[in-house]
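Below is one structure, written out as structure tokens, with a few remarks after it.
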Amino acid sequence: MLALALAAGAFAQQEAQRNGAAMLRDAQETVDAEAMGQVWVDTQGEATIAEVSNPGGAGRFQPARAGTIHSLGTEAALWVRLRLMRPADERQDWVLEFPMPVIDRVTVYQQERGRWRAETAGDTLATATWPEPGRYPFFRLDLPPGQARMVYVRIRHASSGNFPMRLVTVAGHEQRGQVEYLALGLVFGGLLLLIAMCLTQSWVYRDRVYAWYAAYALVTTLAVAAYTGVAPHLLWPGFGALGDAPQAILSYFAGAAALLFVRKLIGIPPRLRHVDRTVYLLGIGGLLMGVLHPALPKLGGLAVLGAYVVLATTSCMLISLAAWRRGDVVGQWVFVAYVPLTLAVVMTVARIHGWMAVGFGTQYSVVVAMAFEVPLLLVALSIRSRERHGAQIREQALSTQDALTGLLAPHLFHDRLRQVVSRFRRDGEDSAVVLIDLVNYPRIKHHFGSAVAEQSLLRSVIKLRRLLRDVDTVSRLGEARFGVILEGATSRSAITDRAARLIAAGLMPLKGLKPEVTLQFHIAAVQLRERMMEPDETLEALSDLLGSMSPRTRRPIRFLKPEDTHPVPVQDSSMLDESQLLDSKSPRQPLTVVK
């Protein structure tokens, strides 16, 4: 039985060789068919299957060679003739694949009941009209077991290139498709996750830069999805009005978005204003060219597209390199992100013009580069955003704090004083307001300079904070004047004790300080329960009290006088009956009220 099986196999192989047919066995699973058949270029593009398949047309065909680049243009067509045979003992059906998502149009002819049956696919047609929708064209072969069949292929493609063909078993084709979509799904899933994260950060932090980056990443993702055949297969399978123009349109938009985003992210110095304007005009011009591309001739439009995309990526790389040389860390990240993308784009354009053969590297290098470029740009964006937020925080701090001392800004001190006064009127919670002057500050500045004068202010703040609680409010109200609100201060003695300790600390020079500068303070204070005034009036009265002090005064701590009290006349009608105010043992005294 083994001998009979081997004999039958040998007979089938000899029969296939005699018929000039390629034997397809299940164990092979995948066969490279690019060099398997015979080819003929129809320069006019008018030959029909009847003319090609008749005996007279057989002499036109020549043996095919792998990697041969054909320049067909918009009129010529490439014919490929394959003679295939499936042995009788093999079970797998076979598929003819064209793993080139951007191929314009391919038609496969097979015999059915003595007539030629044609099936057509390609990126110039809506994917839904293909006999087998997918990322790239493929056709199921009708190969009866033990019979040799002739298969003709007609290819139309405007740009130069070779056209890879594979013979794959149905099982191998399905498995390969799943693996390819798994790899592409990981890439696009990661990109969509980054886009969603950027939109979330833009909404949470109210930062439009993240929204612009999300828009750029979305356009770029769509362009790569259209280039790899994912978008025509899954996103717009029924749309074919523009042919293969959506790929070029999205490529223009992606290049324009890259220029505008990198320009915004890195920032071109003002001295290079002409460069900045040129980059901006290139970005806007890319958007316009994307809109106008469907109206351009096919070959001319492809040439312009290739030049623009290469110019856009190269410009982004050079802008980032210039920023890196200026010491910008963001420029370093952008440069690293755009180097592989620029190389991938150059390889793709070279493949479009026929300078390189179609292969995995020239077709999917852009996808691999995008998988690195988008996350690296996000890192650069995060660094720039952190820098901008830091600047905003410092700007906000300057509006709420004194730049030198870090104390509260004057307008916030006034707001706090109004709150304290309102609470005293409503609830009777007592507080004290204190103004402190560093009276020898002008002399220090005159004799020792601004640096020593500013150092004396910082020393004053340090000494002042040591005497205050965390709940007390302290602010710098003038060049050498500080304001303090002591909440809950109910006695003059507590205020006087703190003021005296501050004056004593100022008279003690810092050990090792050169020059030895002492700090002289004058202090004016008021308790709200002693003298109740409006906030502005309170500060004005304390300021007048400080101004009335002599530089050499022996009373550097002073309080505003309490409000005067006056006796109430006995005959006043609002006066209570005298017998109700005095008991039998106390002497009679006039009643006094506070105005």
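Only a predicted model underlies this, so the values are computations on that prediction, with no experimental measurement involved.
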Query - Arg476 (side chain) donor-acceptor with Glu479 (main chain) under 3.5 angstrom - result: yes

Report task. Using salt bridge (Lys or Arg N to Asp or Glu O under 4.0 Å) as the criterion, list what pairs up with Arg117, not counting sequence neighbours. Result -> Glu112, Glu119

Requested in this report: Could you list all the side chain to side chain donor-acceptor pair (under 3.5 Å) pairs where at least one residue sits in residues 296-313, not counting sequence neighbours?
Outcome: Asp104-Lys298, Asp244-Lys298

**Report entry** Aromatic ring proximity, centroids under 6.0 angstrom, Tyr152 and Trp40
**Finding:** no

Query raised in the report: Between Tyr136 and Glu180, do the side chains contain an N or O donor and an N or O acceptor separated by less than 3.5 Å?
Result: yes

Report task. Quick one: list whatever passes salt bridge (Lys or Arg N to Asp or Glu O under 4.0 Å) with Glu373, sequence neighbours left out. Result -> none

Query - Donor-acceptor pair, side chain of Thr169 and main chain of Asp26, under 3.5 angstrom - result: no

Query raised in the report: Taking Phe261 as the fixed residue, which of Tyr338, Trp212, Tyr210, Tyr213 is the one that meets the ring pair (Phe, Tyr, Trp, His ring centres under 6.0 Å) rule?
Result: Tyr213

Query raised in the report: In terms of ring plane angle, is the pair Phe139 and Phe98 parallel, tilted or perpendicular, where the classes change at 30° and 60°?
Result: perpendicular

Query raised in the report: Do the rings of Trp79 and Tyr109 sit parallel, tilted or perpendicular, given the 30° and 60° boundaries?
Result: parallel

Requested in this report: Write down the atom of Gly283, the atom of Ala256, and the distance for their closest heavy-atom approach.
Outcome: O-CB, 3.1 Å

Report summary line: salt bridge (Lys or Arg N to Asp or Glu O under 4.0 Å) filter on Arg154, not counting sequence neighbours, yields none

Query raised in the report: Who pairs with Arg326 by salt bridge (Lys or Arg N to Asp or Glu O under 4.0 Å), at least two apart in sequence or on another chain?
Result: none

Which atom pairs, donor and acceptor, lie under 3.5 Å between side-chain atoms of residues 66-78 and protein residues at least two apart or in another chain?
| residue | atom | partner | partner atom | Å |
| --- | --- | --- | --- | --- |
| Thr68 | OG1 | Arg65 | O | 2.8 |
| Ser71 | OG | Ser160 | OG | 2.8 |

**Report entry** Distance-only donor-acceptor check, side chains Thr124 and Arg156, under 3.5 Å
**Finding:** no

Query raised in the report: Under 3.5 Å, is there a donor-acceptor pair between the side chain of Ser202 and the main chain of Cys198?
Result: no

